[in-house]
Amino acid sequence: MEIPTKYEPGRAEKLWYEYWMKHGFFRSEPDDREPYTIVIPPPNVTGVLHMGHMLNNTIQDVLVRRARMLGKNACWVPGTDHASIATEAKVVAKLKSEGISKHDLTREEFLGHAWDWTRKHGGIILEQLKKLGASCDWDRTLFTMDAERYDSVVKVFVDLYNKGLIYRGVRMVNWDPQAKTAVSDEEVYFTEEQSKLYYVRYKIVGWNDYVTVATTRPETILGDTAVCANPNDPRYQHLKGKKIHVPMTNREVPFIFDEYVDMEFGTGCLKITPAHDINDYEIGLKHKLESIDIFNDDGTINERAGMFAGVDRFTAKELAEKELKKTGNLLKVVPYNNKIGRSERTHAIIEPRLSTQWFLTMEKISKPALDAVMNGDIHLHPSKFRNLYRHWMENVRDWCISRQLWWGHRIPAWYYNNGEIVVAENAEQALELARMKSGNARLKESDLRQDEDVLDTWFSSWLWPITSFDGINKPGNPDLKYYYPTNDLITAPEILFFWVARMIIAGYEYMGDKPFRNVYLTGLVRDQQRRKMSKSLGNSPEPLDLIEKYGADGVRVGMLLCSPAGNDLLYDDSLPEQGRNFANKIWNAFRLVNGWKTDTKIPQPESSAAAVRWMDEALKKGTAEIDSHFRRFRISEALMVVYKLFWDEFSGWYLEAIKPEFEKPADKTTYDATLGFFDRLLRLIHPFMPFISEDIWQLLAERKDGESIMISRMPESRKYNKELIARFETVKELISSVRSVRKERDIPNREKLTLIVRADEKSADSEFIPVVVKLCNLESVSFIKTKLEGAASFMVGTTEYYIPLGEKLDKKAELLKIREDIDYYRGFLASVLKKLENERFVQNAPANVLELERKKKSDTESKIKSLQEREKELKKI
RNA sequence: GGGACGUUAGCUCAGCUGGUUCAGAGCGCUUGCUUGACAGGCAAGAGGUCACUGGUUCGAUCCCAGUACGCCCCA
């Protein structure tokens, strides 16, 4: 059968993924093996796969596949997130394109559309993950808004409320006056816009004097409740304790001091409007100032302003300007560039506005989560994130958990009478509670009104490791007991606080235990200019196209090769290309071995026997290194070991060393050993490249239906012979040197050479001499004890080698080379001597270091000596 | 403004907490190769005052301080 010279990934990917699914290899049920659990960071339900997902899920799959092959009961739980903001925005946009406005729909109607959308687009992303080779237990697929998860979220809210940890409070939100809704920070974009800076004078009460304030928003003067300067500003010290009269009103407000004020900006004096500026709000809280909200929902001025009631905010600005000018309070107006926040959806200018929101008290419940990371109960990889985590957790703020949206878990709070609140799992319980609390048994369900808002998306995902096993609804169920705490969490550092920290908090609050043992933080995928990959920039390749082009294995390797933990990955097409080339290399190594015929009558050549002995040790060494890298989550380095083990050691050295002559059969012993090595290598490769490893593994021997590399055992780490490996490294150096001699003198490969070693036959690395003979195409190797004249020479370690060249010897070139070597070694010797002649070094350095330096000295001296001898000999000729 | 991290070869990064595992890897680059598995390959090479300035030490890429630049998170 003719095997193509290039590996074709498409066929293998389809064939083997179906095979794995058919045999249920991804499924996991509790048993008596050790569990290994990962819960997926749930992608947005209506999202599509991007490069970040590719990286993240490749890493998870590598870990899961490896754990499985280490004999653990591996369970990777997949699922999607309802992503309230993102999904709702998409549904709103889709309805808009059909001419439907969200405000024309009832909540139920809108949710109907949202569910339709979710059912239509939901889970596409999970199908895409399958193309990547993800070995999730698909029978466990979850959704943050499915029935069990929804109930869990509601139960947790009620529980936290009853524990007194949830409260209602005022907070500044980004208000979109056109859509009449609050929008999240993520939905606000900033543009640099030309505006004006107004210098307005405020009268100092009791004095015939003024203080000047610079502001971009004269209309909000109507809501001012203080004027503020920096406490270190000498210009305003005399105003301590004074009252200031706010123009256009009859209010007198305090003059206060706060470090927040920038002395360089404007006049160094700031008007404080707590209801309409986020920074003013903070200052207002600190100084216990009154907040006067002067705007209506639609951005018009309300009665509380005392002036301009009913006027739009932009008109109000013009009117205020006129009014101030008329009273002589407007001193000057200068052009000014500032950053204006606009709503992503309506492009209206955002109005900061106070509103009542639900909050979760964080301080108490976050304590165990801080401790867990600090005392090493949970490991962050790389560990540099510990400091960041600590800083955040020590300064944790209360969590605003309500969102003015419909798509999500509706807040289980009901209002009745005039602002009385009950919190319960459902309407019936709420009614019962309300009757009890009010003492009014006649309250009807229609007297209760449920809160319109939903919960922050993270308020469901913070429970993910628990709800993945339905741990809130069914505490202590068998799955939960077996799989919780999970092992590793793989996610991006940007959501360390939003998500990871909160999962840890929830874990201790609801399970009394950590949700996972290790957190591996991946980097961001960026393009060559270090820009984030994003849809809007259009700089992100389409992942499925990449898989099509380079193969899933190739793309996986590409993603992993260049992404050490916590470092960004600068994506370039050369990465999956390298991965594809590696797959091809494996494929061709298989073609070679597969093409050999064996003959049991042929004895094993010495060179092959030696190569087999070495390859076995090299594999043991590689396996140990891979284990060690995985223990420390150095996944790209583990892959690099596999890569070099296969490409350099196995293909480059071993296969070349044992390769039978053209169209001649191989001996059985070597052949079997080679298949054994190939098998071990494929198993090491499998977690990284599941498809090609399975494809070749299935061809390597007769396999029965139901056999698979993915359920075979990973080669185990064993002690290896360091000394033998070191000897072979010297042999490699020797072989390279002979090749150099050929290259420098243009001696073709097929021309046989003679190698002479200045050493005792027994003391040399005679074990591998047959390998050298074969790889260098040597006529013979002999040993002498004296110098040899008229030959090319070189040194490996402290041993001298000669290759007689007869006429071809270029005396001048040889001499030059020797001269260079002598100069180099003399320089080296000088640096060693400098140390050894330093008395304090000799006195203070540890014995072994001293010993090493002395050995360096004697080795180098002997090298120089033999080079000099040789130089003398050459000159004689 | 507060905080965290970083600066090592043309690029992306290792260097596991001071001494032949010390200056490394992969990619890229240069020069040869129709070498009967693979040009998606093979062979041989070139490339770095380890950001800068001080300090500690017998000895610093590694520890300390400062400077410069970069990046991220929070506000």
Across all chains, not counting sequence neighbours, the ring pair (Phe, Tyr, Trp, His ring centres under 6.0 Å) partners of F590(A) are none
Whole-Å distance, L775(A) CG to C42(B) C1', equals 13 Å
With a non-hydrogen cut-off below 4.0 angstrom, is F590(A) in contact with a base, only sugar-phosphate, or nothing? nothing
By the 4.0 Å heavy-atom rule, please label E729(A) as base, sugar-phosphate, or nothing. nothing
Would you classify F497(A) as touching base, sugar-phosphate or nothing, given that sugar-phosphate means primed atoms plus P, OP1 and OP2, and contacts are heavy atoms under 4.0 Å? sugar-phosphate
Rounded off to whole Å, could you give me the CG-to-C1' distance for the L592(A) and C42(B) pair? 14 Å
Of the candidates G40(B), C27(B), G19(B), the side chain of F841(A) sits closest to G19(B)
Close N or O pairs between protein and nucleotides 15-18 of chain B (under 3.5 Å):
residue	atom	partner	partner atom	Å
G15(B)	OP1	R634(A)	NH1	2.9
G15(B)	OP1	R634(A)	NH2	2.9
C16(B)	O2	R632(A)	NH1	2.5
C16(B)	O2	R632(A)	NH2	3.1

Table of protein N/O atoms under 3.5 Å from nucleotides 5-11 of chain B N/O atoms:
residue	atom	partner	partner atom	Å
C5(B)	OP1	N387(A)	ND2	2.6

Compare the minimum distances between each of C27(B), G41(B), A37(B) and the side chain of A589(A), then state the nucleotide with the smallest one. A37(B)
Closest nucleotide among A37(B), C72(B), G41(B) to the R526(A) side chain: C72(B)
Listing time: all N or O pairs from protein to nucleotides 31-34 of chain B that are below 3.5 Å?
residue	atom	partner	partner atom	Å
U31(B)	O2	K743(A)	NZ	2.8

I want to verify a distance call: between G26(B), G41(B), C38(B), whose nearest atom is closest to the N581(A) side chain? G41(B)
Around E394(A), counting heavy atoms of other residues, nucleotides and ligands shown, do more than 12 lie under 6.0 Å from its CD? yes
Comparing N279(A) and E853(A) on RNA chain B - which has the more 5′ nearest nucleotide: E853(A)
Using a heavy-atom cut-off of under 4.0 Å over every strand shown, decide if S736(A) touches base, sugar-phosphate, or nothing. sugar-phosphate
Sequence neighbours left out, what passes ring pair (Phe, Tyr, Trp, His ring centres under 6.0 Å) with Y654(A)? Give chain and number order. F650(A), F677(A)
Hits for side chain to side chain contact (heavy atoms under 4.5 Å, CB included) against D672(A), two or more places apart or cross-chain, chain-then-number order -> K668(A)
Ranking C74(B), C38(B), C27(B) by distance to the side chain of R591(A), first place goes to C38(B)
Could you state the atom-to-atom distance from CZ of F662(A) to P of C38(B) in whole Å? 10 Å
Among the nucleotides C27(B), G40(B), C38(B), whichever has the atom closest to the side chain of K6(A) is G40(B)
When we call it a touch if two heavy atoms are under 4.0 Å apart, what does W647(A) touch: a base, just sugar-phosphate, or nothing? sugar-phosphate
Under 4.0 Å between any heavy atoms, over every strand shown, what does R739(A) touch: base, sugar-phosphate, or nothing? Just pick one. sugar-phosphate
Between P of C38(B) and CG of N594(A), the distance in whole Å: 14 Å
Applying side chain to side chain donor-acceptor pair (under 3.5 Å) as the test, list every pair that has at least one member in residues 545-558 of chain A; sequence neighbours left out. D61(A)-R556(A)
Under a 3.5 Å cutoff on both atom distances, Watson-Crick or G-U, what's the dot-bracket for RNA chain B ([ ] crossing, | other strand)? (((.(((..((((.....[....)))).(((((.......))))).....(((((..]....)))))))).))).
In whole Å, I'd like the distance from the NE2 atom of H391(A) to the P atom of G2(B). 11 Å
I need a per-nucleotide contact map over nucleotides 46-51 of chain B, read 5' to 3'. Cutoff is protein heavy atoms under 4.0 Å; write B for the base, S for backbone only, - otherwise. ------
Quick one: label K659(A) by what it contacts on the DNA or RNA (base, sugar-phosphate, nothing), any heavy atom closer than 4.0 Å. base
Going by the salt bridge (charged side-chain N to carboxylate O under 4.0 Å, His left out) test, which pairs reach into residues 575-590 of chain A, not counting sequence neighbours? none
Sequence-distant partners of W399(A), ring pair (Phe, Tyr, Trp, His ring centres under 6.0 Å), two or more places apart: F459(A), W462(A)
List the residues meeting side chain to side chain contact (heavy atoms under 4.5 Å, CB included) with S737(A), not counting sequence neighbours, and say none if there are none. F794(A), V796(A)
Indicate, yes or no, whether a donor-acceptor pair under 3.5 Å links the base of A43(B) to the side chain of E656(A). no
